[in-house]
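Inspection log for the structure reproduced underneath, given as C-alpha cells.
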Amino acid sequence: TFKPDGILTGHPDVITAFRRRLRRHIPGVVLDFNDPKGRRVADAVVMCDECEIGETAAEHFINRGFRHFAFAGIEGEGAGDTPVRRSQKHEEGFRRRLARDGFGFAPYRERLIRCVRHYSDIERLTAFLRDIPTPCALFATSDMIAQSVVFACRKVGVAVPERLVVLGVNDESTVCENTTPTLSSIAPDYVGAGYRAAEILDRLLRCGKAPRKTFYGVRR
C-alpha cells in the first residue's frame, strides 16, 4: 500500500481518504479548492486571488484609455469554490479598481444552466449589448462567458474589437483560439501556485507549521 509522507491535491477528500486508510495524520495541502462546506481538512490551502484578477482587468482597460466599461458574470448562490463565488470576487475587484479612478461599469449577470459553462439567455444578453455605450471594454468572468459575449455581438452587429473589447479569464487556448476574433485572456499564475504549494508542504513536513491560506495572482 502506498504510504505518502505528505499530500498535495486538488480536493480535500483525497487527504481524508489517505488519513482514514493509514489511520494517522498526513500533512496535506489543497490547491485551488475552497470547500463550499467549510471543512478544514487540509493543513493549508493555496488559492487564486480572484479580486486581483478583477483589478488586473480594470487596470488593463484603464491603461488603454477606455472610459466605458462592462462586466459579464454569473449570478446565483455562491459559496466555497464555485463559478458564482469566483464571479462575485472578479466583479468586486473590477469595481474597486475602476472606482479608484472615478469610473463605473454596466454589469450583466446570468444564472447558468446546470453543467453548462456558457450563457443561454441570448435574447437578454443581446439587449444588454445594444444598450451599453461604445467603445466599451468588457471583462468576462471566464473564457467561455467571454466567448458567449463575442457570439452575441455578432448577432446584433456590435463589432469586436472595434466597438467592444472583450477580455476573459483562465487562458483556455481551445476557447480563445477557436473564437473569432481570438480572445485575449488573463492567465492566473498556476505554475507559481504549484511551486508555492510544494514549498508549503515542505514546511509542513519539516516543522509542522505553515500559513493556513496563501494566495497567488496573475501570471500574464
Side-chain angles (χ1 to χ4, degrees), residues 1-57 73-74 76-90 92-93 111-118 140-147 168-178 183 185-220:
T1 302
F2 179 55
K3 298 179 180 180
D5 296 308
I7 301 171
L8 173 55
T9 179
H11 201 290
D13 287 353
V14 176
I15 298 172
T16 300
F18 271 106
R19 288 174 178 173
R20 286 176 178 171
R21 182 188 301 173
L22 300 178
R23 297 181 181 178
R24 65 181 177 87
H25 179 83
I26 304 171
V29 178
V30 171
L31 181 61
D32 273 329
F33 187 90
N34 188 17
D35 196 332
K37 297 179 181 178
R39 295 173 297 177
R40 294 175 61 91
V41 174
D43 298 279
V45 179
V46 179
M47 296 289 299
C48 180
D49 187 339
E50 306 293 356
C51 283
E52 182 180 331
I53 298 289
E55 291 176 0
T56 299
I74 304 169
E77 296 183 5
D81 185 36
T82 65
V84 172
R85 183 61 176 161
R86 288 193 293 273
S87 176
Q88 291 170 346
K89 290 294 185 180
H90 289 162
E92 178 184 336
R111 186 183 294 268
L112 300 187
I113 297 173
R114 184 177 178 83
C115 298
V116 174
R117 299 170 59 205
H118 55 75
T141 191
S142 71
D143 291 334
M144 287 292 290
I145 296 300
Q147 187 182 63
V169 182
N170 289 329
D171 198 25
E172 294 185 68
S173 59
T174 55
V175 178
C176 295
E177 298 302 322
N178 288 288
L183 281 173
S185 181
I186 295 175
D189 188 13
Y190 296 129
V191 174
Y195 277 103
R196 184 66 181 132
E199 290 172 351
I200 291 171
L201 183 57
D202 181 62
R203 287 179 60 178
L204 288 169
L205 292 170
R206 290 175 181 271
C207 62
K209 294 182 180 180
R212 167 63 189 166
K213 184 172 285 190
T214 303
F215 292 95
Y216 65 92
V218 174
R219 185 177 185 186
R220 66 180 183 275

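Heads up: numbering here begins at 1 and tracks the sequence.
- Of all heavy-atom pairs spanning Gly168 and Ala146, the tightest one is CA-CB, 4.0 Å.
- Minimum interatomic distance between Val169 and Ala140 (heavy atoms only, all atoms of both residues): CG2-O, 3.5 Å.
- With rounding to the nearest 0.5 angstrom, the CG atom of Asn178 is 11.5 Å from the CD atom of Glu172.
- The CG atom of Asp49 sits 11.5 Å away from the OG1 atom of Thr214 when rounded to the nearest 0.5 Å.
- Heavy atoms only, all atoms of each residue included: Val46 and Ala193 are closest at CG1-O, 4.1 Å.
- Under the side chain to side chain contact (heavy atoms under 4.5 Å, CB included) criterion, Ser185 pairs with Asp143, Asp171, Cys176, not counting sequence neighbours.
- Of the inter-residue distances, the one linking Lys213 atom NZ with Met47 atom CE reads 6.0 Å to the nearest 0.5 angstrom.
- Side chain of Arg220 to backbone of Ala187: no donor-acceptor contact under 3.5 angstrom is found.
- Considering CD1 of Ile26 and CD1 of Ile7, their distance stands at 4.5 Å, rounded to 0.5 Å.
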One pair to check against side-chain contact (heavy atoms from CB on, under 4.5 Å): Arg203 and Lys209. What are the steps and the verdict?
CA-CA 6 Å; Arg203 287 179 60 178; Lys209 294 182 180 180; 5.8 Å; no

Before giving the answer on side-chain hydrogen bond (donor to acceptor under 3.5 Å, both in side chains), spell out for Asp32 and Tyr216 the whole-Å C-alpha distance, their side-chain angles and the decisive distance to 0.1 Å.
CA-CA 10 Å; Asp32 273 329; Tyr216 65 92; 2.4 Å; yes

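- The two residues Ala42 and Ile15 make their nearest non-hydrogen contact at CB-CD1, 3.9 Å.
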Candidate pair Arg196 and Asp189, rule side-chain contact (heavy atoms from CB on, under 4.5 Å), full reasoning:
CA-CA 10 Å; Arg196 184 66 181 132; Asp189 188 13; over 6 Å; no

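- Between the Arg117 side chain and the Ser142 main chain, no donor and acceptor come within less than 3.5 Å of each other.
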Evaluate Asp43 against His25 for side-chain contact (heavy atoms from CB on, under 4.5 Å), listing each step before the verdict.
CA-CA 10 Å; Asp43 298 279; His25 179 83; 3.2 Å; yes

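- Of the listed residues (Arg86, His90, Lys89, Gln88), just one forms a side-chain hydrogen bond (donor to acceptor under 3.5 Å, both in side chains) with Glu50, and that residue is His90.
- The number of heavy atoms from other shown groups lying within 6.0 Å of CZ (Arg212) is above 12.
- The line from CG of Asn170 to CD1 of Ile145 is 11.5 Å long, rounded to the nearest 0.5 Å.
- Every residue meeting the side chain to side chain contact (heavy atoms under 4.5 Å, CB included) condition with Ile186, not counting sequence neighbours, appears here in chain and number order: Ile53, Thr56, Ala57, Phe139, Leu167, Val218.
- Looking at Leu22 and Pro4, their side chains come closer than 4.5 Å, going by heavy atoms from C-beta outward.
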Please determine whether side-chain contact (heavy atoms from CB on, under 4.5 Å) holds for the pair Val30 and Thr9, giving the CA-CA distance in whole Å, both sets of side-chain angles, and the decisive distance to 0.1 Å.
CA-CA 5 Å; Val30 171; Thr9 179; 4.2 Å; yes

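- Within 6.0 Å of OH on Tyr190 lie more than 12 heavy atoms contributed by other residues, nucleotides or ligands.
- Minimum heavy-atom separation, Pro188 to Cys48: CB-SG, 4.2 Å.
- Residues Asp5 and Pro27 come closest through the heavy atom pair O-CD, 3.3 Å.
- Open room surrounds CZ on Arg206; 12 or fewer heavy atoms of other groups in view lie less than 6.0 Å from it.
- The line from CD1 of Ile200 to CG of Leu31 is 9.5 Å long, rounded to the nearest 0.5 Å.
- Ring pair Phe33/His11 is tilted by interplanar angle, where 30° to 60° counts as tilted.
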